[in-house]
Q: 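Here it is, the structure, as structure tokens.
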Amino acid sequence: METVVSGIRSTGKLHLGNYYGALSNFVKMQNEYNCFFFIADLHSLTTHPTPHGLQGTVRQVIVEYLAAGIDPEKSTIYVQSDVPEVAELYLYMNMNAYLGELERATAFKDKVRSNPDNVNAGLLTYPVLMACDILIHHGTKVPVGKDQEQHLEMTRTFGNRFNRLYNVDYFKEAFAFSYSDKLVKIPGLAGQGKMGKSNGEADCIYLSDSADAIRKKVMRAVSDSGPTEMNQAKPEAIQNLFDLMKVVSTPDTLQHFDELYNKCEIRYGDFKKQLAEDMVLATNDVRLRIEDISNDDAYIAKVAKLGAEKAGESARKTLKEVREIIGIKRFY
């Protein structure tokens, strides 16, 4: 059985993009693969969260993993920092990662441009830590978006470099993986781009949002004054709303509003009301499970402990073998 590895940074609540782009696929994957799904709290340290904020967001992601349907008996759900072997492997792999290749990483250059006052070593070596998350469990399938494919290529580079350096055939190559043929991209409500926490609260529909919060956000979503010509192309902001409807509504509903748009008869108020109600319905079961699980501290602790044990067992085996390959051995 091949191993799937994926993590979500603990930087806030999960949204529709996380759910339809990742979590719903994770639920299917766990029945056919050896799955490790982790909360990447070490990765989130690059943005210097407060201790209270970090703990709260880690807990929230555990709750939402469970509410989405990830089964801790079938998959390994764990907190990245609960497996210290990841940080040790990160140290070893950093010795074989070179400044030039790290500085050329597109994500690093983007971070430098967008936040020049926080160019820390953790950002520079982010691809190394991501590689270690995968290599520690010998993952071969990694559900990632387009923006992470370069990091995955670097994971293969680091693993192969280790193999060459120590003349072993140890680390396997990991490749991007999607359970479905077509990747689902969930646009945001701000009018451009995909849904993302970095774009602000108004851009996201969170899985834990109340029905009223969803309605308010959708009604305030960016739109325009309406079409002026029959069958005209939709501007990005309007296409985004239709793309959201394609995900949460029935095909008949989508077709109805598409025809109204093409005939220049669409009323955005009616369109948004329908979209909002369909979103409320689509997220209702997950939202109720989030509320239930959030109130069960004992269950959350049990899941985290079980995940730490399962992930730790896998990681300790890898670290023992890596140390032996490198030549790190005790004299006592």
Q: Does the pair Ile39 and Ile77 meet the rule for a side chain to side chain contact (heavy atoms under 4.5 Å, CB included), with working shown?
A: CA-CA 8 Å; Ile39 296 89; Ile77 301 173; 4.2 Å; yes
Q: With heavy-atom distances below 4.5 Å as the criterion, would you say the side chains of Tyr261 and Phe242 are in contact?
A: yes
Q: Using the rule side-chain contact (heavy atoms from CB on, under 4.5 Å), only one of Thr47, Val61, Asp41 pairs with Arg9; which is it?
A: Thr47
Q: Taking only Lys NZ, Arg NE, NH1 and NH2, and the carboxylate oxygens of Asp or Glu, determine whether Arg289 and Glu64 approach each other closer than 4.0 Å.
A: no
Q: Determine the minimum heavy-atom distance between Asn120 and Thr46, stating which atoms define it.
A: ND2-O, 3.1 Å
Q: Shortest non-hydrogen contact from Ala68 to Val27?
A: O-CG2, 3.3 Å
Q: Considering non-hydrogen atoms only, spot the tightest contact between Ala67 and Ile293 and give its length.
A: N-CD1, 3.7 Å
Q: Begin from the C-alpha positions of Asp258 and Lys234 and carry the test salt bridge (charged side-chain N to carboxylate O under 4.0 Å, His left out) through to its verdict.
A: CA-CA 10 Å; Asp258 199 41; Lys234 299 180 182 73; 2.6 Å; yes
Q: For Phe158 and Phe162, I'd like to know if the aromatic rings sit close, meaning centre-to-centre distance below 6.0 Å.
A: no
Q: When you look at Arg323 and Glu88, which way does the side chain to side chain contact (heavy atoms under 4.5 Å, CB included) test go after all the steps?
A: CA-CA 10 Å; Arg323 289 189 195 114; Glu88 185 175 343; 2.8 Å; yes
Q: Under 3.5 Å, side chain of Ser24 to main-chain N/O of Tyr19, donor-acceptor pair present?
A: yes
Q: Taking Glu236 for the side chain and Gly193 for the main chain, is one N or O donor matched with an acceptor at less than 3.5 Å?
A: yes
Q: When you look at CD of Gln239, are more than 12 heavy atoms from neighbouring residues, nucleotides or ligands closer to it than 6.0 Å?
A: yes
Q: Between Thr125 and Tyr90, is there a side-chain heavy-atom distance shorter than 4.5 Å?
A: yes
Q: Taking the six-membered ring for Trp, are Tyr126 and His151 parallel (under 30°), tilted (30 to 60°) or perpendicular (over 60°)?
A: tilted
Q: For a quick test of reading the model, state the closest non-hydrogen atom pair linking Leu102 to Ala97 and the distance between them.
A: CD1-CB, 4.2 Å
Q: Assigning hydrophobic clusters by single linkage (Ile, Leu, Val, Met, Phe, Trp, Tyr; side-chain heavy-atom cutoff under 4.5 Å), is Met154 placed with Val112?
A: yes
Q: Return each pair, listed once, that meets salt bridge (charged side-chain N to carboxylate O under 4.0 Å, His left out) where at least one residue sits in residues 304-317; pairs must be two or more places apart or across chains.
A: Lys305-Glu309, Lys317-Glu321
Q: Quick test of your reading of the model: are Lys273 and Glu277 salt-bridged, counting only N-O distances below 4.0 Å?
A: no
Q: Taking everything shown except Lys111 itself, do over 12 heavy atoms lie less than 6.0 Å from its NZ?
A: no
Q: Any non-hydrogen side-chain atom of Phe38 less than 4.5 Å from a side-chain atom of Val5?
A: yes
Q: For the pair Lys217 (side chain) and Ile205 (backbone), establish whether a donor and an acceptor sit closer than 3.5 Å, ignoring hydrogens and angles.
A: no
Q: Can you check whether Phe177 and Tyr33 have ring centres sitting under 6.0 Å from each other?
A: yes
Q: With a 3.5 Å distance limit and no angle check, can you tell me whether Lys246 reaches the backbone of Leu254 through a side-chain donor-acceptor pair?
A: no
Q: What are the two closest heavy atoms between Asn118 and Leu123, and how far apart are they?
A: O-CD1, 3.0 Å
Q: In the single-linkage hydrophobic clustering (I, L, V, M, F, W, Y; side-chain heavy atoms under 4.5 Å), do Phe257 and Val222 co-cluster?
A: no
Q: When the ring planes of His138 and Tyr170 are compared, do they come out parallel, tilted or perpendicular, using 30° and 60° as the limits?
A: perpendicular
Q: If you measure from CG on Leu23 to OH on Tyr65, what distance do you get to the nearest 0.5 Å?
A: 6.5 Å
Q: Is Pro143 close to Phe26 at the side-chain level, that is, under 4.5 Å between some pair of heavy atoms?
A: yes
Q: Are the side chain of Asp270 and the backbone N or O of Ile266 linked by a donor-acceptor pair below 3.5 Å?
A: no
Q: To the closest 0.5 Å, what do you measure between CD1 (Ile136) and CG (Leu89)?
A: 4.5 Å
Q: Could Asp209 and Lys216 be called an ion pair, given the rule that one side-chain N must be under 4.0 Å from one carboxylate O?
A: no
Q: Between Lys172 and Glu2, does at least one N-O distance fall below 4.0 Å, as a salt bridge requires?
A: no
Q: Would you confirm whether Asn284, through its side chain, and Val280, through its main-chain N or O, come within 3.5 Å as a donor-acceptor pair?
A: no
Q: So Lys28 and Asn25, do their side chains get closer than 4.5 Å, heavy atoms only?
A: yes
Q: To the nearest 0.5 Å, what is the distance between CG on Asn240 and OG on Ser223?
A: 12.0 Å
Q: CG of Leu66 to CG of Asp296: how many Å apart, nearest 0.5 Å?
A: 10.0 Å
Q: When Phe171 is tested against each of Thr155, Val322, Asn160 for side-chain contact (heavy atoms from CB on, under 4.5 Å), which residue passes?
A: Val322
Q: Look at the rings of His137 and Tyr78 and say which category their plane angle falls in: under 30° parallel, 30 to 60° tilted, over 60° perpendicular.
A: perpendicular
Q: Check the pair Arg287, Ile214 against side chain to side chain contact (heavy atoms under 4.5 Å, CB included), reporting the backbone distance first and the verdict last.
A: CA-CA 12 Å; Arg287 182 166 54 253; Ile214 292 173; 3.7 Å; yes
Q: Hey, is CG on Asn31 packed in by over 12 heavy atoms from elsewhere, all under 6.0 Å?
A: yes
Q: Does the side chain of Gln274 come under 3.5 Å of the side chain of Asp278 through a donor N or O and an acceptor N or O?
A: yes
Q: Is any side-chain heavy atom of Tyr268 less than 4.5 Å from a side-chain heavy atom of Asp224?
A: yes
Q: In terms of hydrophobic clusters joined by side-chain contacts under 4.5 Å, are Tyr206 and Val63 together?
A: no
Q: To the nearest 0.5 angstrom, please state how far the CG atom of Asn94 sits from the CG atom of Leu129.
A: 8.5 Å
Q: State whether the side chain of Gln30 and the backbone N or O of Gly69 hold a donor-acceptor pair below 3.5 Å, judged by distance alone.
A: yes
Q: Would you check if Lys13 and Glu201 make a side-chain contact, meaning some heavy-atom pair closer than 4.5 Å?
A: yes
Q: What's the spacing between Leu54 CG and Ser81 OG if we round to 0.5 Å?
A: 7.5 Å
Q: Test salt bridge (charged side-chain N to carboxylate O under 4.0 Å, His left out) on Glu101 and Arg161 and set out the steps.
A: CA-CA 13 Å; Glu101 64 188 345; Arg161 184 176 294 156; 2.6 Å; yes
Q: Please tell me whether Val248 and Met219 are part of a single hydrophobic cluster in this structure, the criterion being side-chain heavy atoms less than 4.5 Å apart.
A: no
Q: Where is the tightest heavy-atom contact between Cys132 and Met93, given as atom of each residue plus distance?
A: SG-CG, 3.6 Å
Q: Could you walk me through whether Leu244 and Met279 pass the side chain to side chain contact (heavy atoms under 4.5 Å, CB included) test, one step at a time?
A: CA-CA 9 Å; Leu244 284 168; Met279 279 188 176; 3.9 Å; yes
Q: Any donor-acceptor pair under 3.5 Å linking the side chain of Arg59 with the backbone of Ser294?
A: yes
Q: Short question: side chain of Gln232, backbone of Pro227 - any donor-acceptor pair under 3.5 Å?
A: no
Q: Any side-chain to backbone donor/acceptor pair from Arg220 onto Ala202? Under 3.5 Å, distance only.
A: no
